[in-house]
Amino acid sequence: MRLSIHQFRIVIQATVPVAIGRGLAALLLLLTAPVAAFLWLRGARVRRTPRMGRHGALVMEQTLFNRAGAPVALFHAFPRLVNLANGDLCWVGPAAREVGPCDLRTEKGRVVASVPPGIFSTWKLRQRTNVAYGTQKDIDAEYVRTRSLRANCGILLRSLLASLYGGETRGALKERAHILGLPLDNLSMDQAIDAIVTPAAHGRLRQVSFVNVDCVNLSYRDTAYRNALVNSDLRLADGIGLRIAGRILHSEIRQNVNGTDLFPLLLARIVGSGQSLFLLGGRPGVADDVATWAQANYPGARIAGTAHGYFAPDEESALIERINQSGASILLVAFGAPRQEKWIERNAGRLLAHAALGVGGLFDFYAGRIPRAPQWLRELGLEWTYRLFQEPGRMWRRYLVGNVLFLSRVMTERAKRQLGIGQIQEQVNS
Ligand code: UDP
């Protein structure tokens, strides 16, 4: 049988990177043999964990444990070079799965099982930076469908960089995380959406606020804003800064729940639910463009109405009347912080929607006015660097000064706690 040039290229593309990956693992195994021998003499031993391999075959993932039964620091994944060399695992692939029924009946299941699991994966990378929304299977299937040598190199590089933020979430997650005096509802993206679409038991409007590093800094200067945050029914932790702070302050954050990622998921959720959104804010025309985008991408999701965010105080009552008349169940307010949170708090009693969310500059992204950072930057928790690059004149103070200020506040808080100064406050908080 003769292969065409096209088929030949496909075969080469499929086999050469795999061969290089396995060869590299074998070479590393050889080069590091003296270290392995040294660790073995110090009592380290290999443990094998059963995992689901390609097409559901059983593979034994190897990990190095020390005499005390803990994974060997830095070198715990060392013996996985054997898994890599024999082809049970590959450098980058779908995340390794626990042994269980292998789903080869669904298309997605077959796609995921068609390649060996990887030491590095999009799922683990996103978990590390708190942006693993959706299920592991969905993310793995998306990876397999779009994989390429270049994409794999990117995942590998980003995983190495993201490891600087620390490992996976440690210990049990608390329902509330306390960051610099702000109590945060430690929800996953899915749980946050559940809460937003469910009317509150008290029957009044549920105010939802996203809290990022800039918001925390702002709350130090603006007491009315801090009060609006504290009085919100839900405060959601937005961005990598809060995750890092949570780690430093032993108050781990479950997931990066930000408005921009939440919006399409919320649209998907309200399809066929009878609920609808009102989009308030942005320059004239922006909210309309977002509505057009939403209808095109989520045809069943109902947008009850839109209004821009540049109205005079004497137009406010008519605007609220219009929002109420629209019958919207969820109101998105995009005036930027702190204006939107204060506005929602002040008008909560007059609004008939069951939830109102302060969503900042979100409309500008979905209207296509400001491009959003590419996925690879978001996966690294570095979306803010893109915003800084887009509008350096406006953003340098927020990010360059703000991030340093925030980190110094977090470190001071930690030092205080270590000295026992903050313990009384902690007891009050919990
Ligand atoms: N905005 C508004 N009315 C105002 C001031 C601002 O609707 O009186 C809008 C503005 O057009 C922009 C958003 O509020 O779309 C603020 O975006 P920014 O990026 O400052 O908010 P962030 O996400 O940083 O809180």
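Values in this document were obtained by computation on a predicted structure and should not be read as measured data. Ligands are counted one by one from 1 in listed order, and the atoms in each one are counted from 1 as well.
- Using 4.0 Å as the threshold, Gln340 has no heavy atom nearer than that to any atom of ligand 1.
- The shortest heavy-atom distance from Phe335 to ligand 1 is under 4.0 Å.
- The CG atom of Leu160 sits 5.0 Å away from atom CZ of Phe120, with the distance rounded to the nearest 0.5 Å.
- Given atom 4 (C) of ligand 1, the protein heavy atom at minimum distance is Arg339 NH1, 3.0 Å.
- Judged purely by atom type and a 3.5 angstrom limit, Asp222 has no side-chain atom pairing as donor or acceptor with the backbone of Leu218.
- The residue from Gly358, Ala367, Gly361, Ala287 that puts a heavy atom closest to atom 22 (P) of ligand 1 is Gly361.
- Counting heavy atoms under 4.0 Å from ligand 1, residue Arg394 touches it through the side chain alone.
- Here the heavy atom of the protein found nearest to atom 24 (O) of ligand 1 is Arg398 NH1, 2.6 Å.
- Once rounded to the nearest 0.5 Å, the distance linking CZ of Phe278 with CZ of Arg322 reads 4.5 Å.
- Of all protein heavy atoms, the one lying nearest to atom 7 (O) of ligand 1 is Gly282 N, 2.8 Å.
- By the 4.0 Å N-to-carboxylate-O rule, Arg54 lies too far from Asp88 to be salt-bridged with it.
- Counting atoms of ligand 1 from 1 in the listed order, those under 4.0 Å from a heavy atom of Ala337 are 25 (O).
- For atom 12 (C) of ligand 1, the nearest protein heavy atom (residue, atom name, distance) is Asp364 OD2, 3.3 Å.
- Salt bridge status for Arg394 with Glu391: present, with a side-chain N to carboxylate O gap under 4.0 Å.
- Between the side chains of Asp233 and His202, at least one donor-acceptor pair of N or O atoms lies under 3.5 Å.
- Inclusion of Gly281 in the set of residues having an N or O under 3.5 Å from an N or O of ligand 1 is not warranted.
- Ser121 and Ile155 get closest at one heavy-atom pair: C-CG2, 4.0 Å.
- Summary of contacts: the protein heavy atom closest to atom 9 (C) of ligand 1 is Ala334 O, 3.4 Å.
- At least one N/O-N/O distance between Gly309 and ligand 1 falls below 3.5 Å.
- Within ligand 1, the atoms closer than 4.0 Å to a non-hydrogen atom of Arg283 are 11 (O), numbered from 1 in the order shown.
- Taking the centre of each ring, Phe311 and Phe335 come in below the 6.0 Å mark.
- Contact annotation for Arg387 and ligand 1: only side-chain heavy atoms (C-beta onward) come within less than 4.0 Å of the ligand.
- In this structure, His308 falls outside the shell of residues with a heavy atom less than 4.0 angstrom from ligand 1.
- If you check which protein heavy atom lies closest to atom 5 (C) of ligand 1, you get Tyr310 OH, 3.5 Å.
- The line from CG of Leu277 to OG of Ser326 is 10.0 Å long, rounded to the nearest 0.5 Å.
- Taking 4.0 Å as the cut-off between side-chain N and carboxylate O, Glu383 and Arg372 count as a salt-bridged pair.
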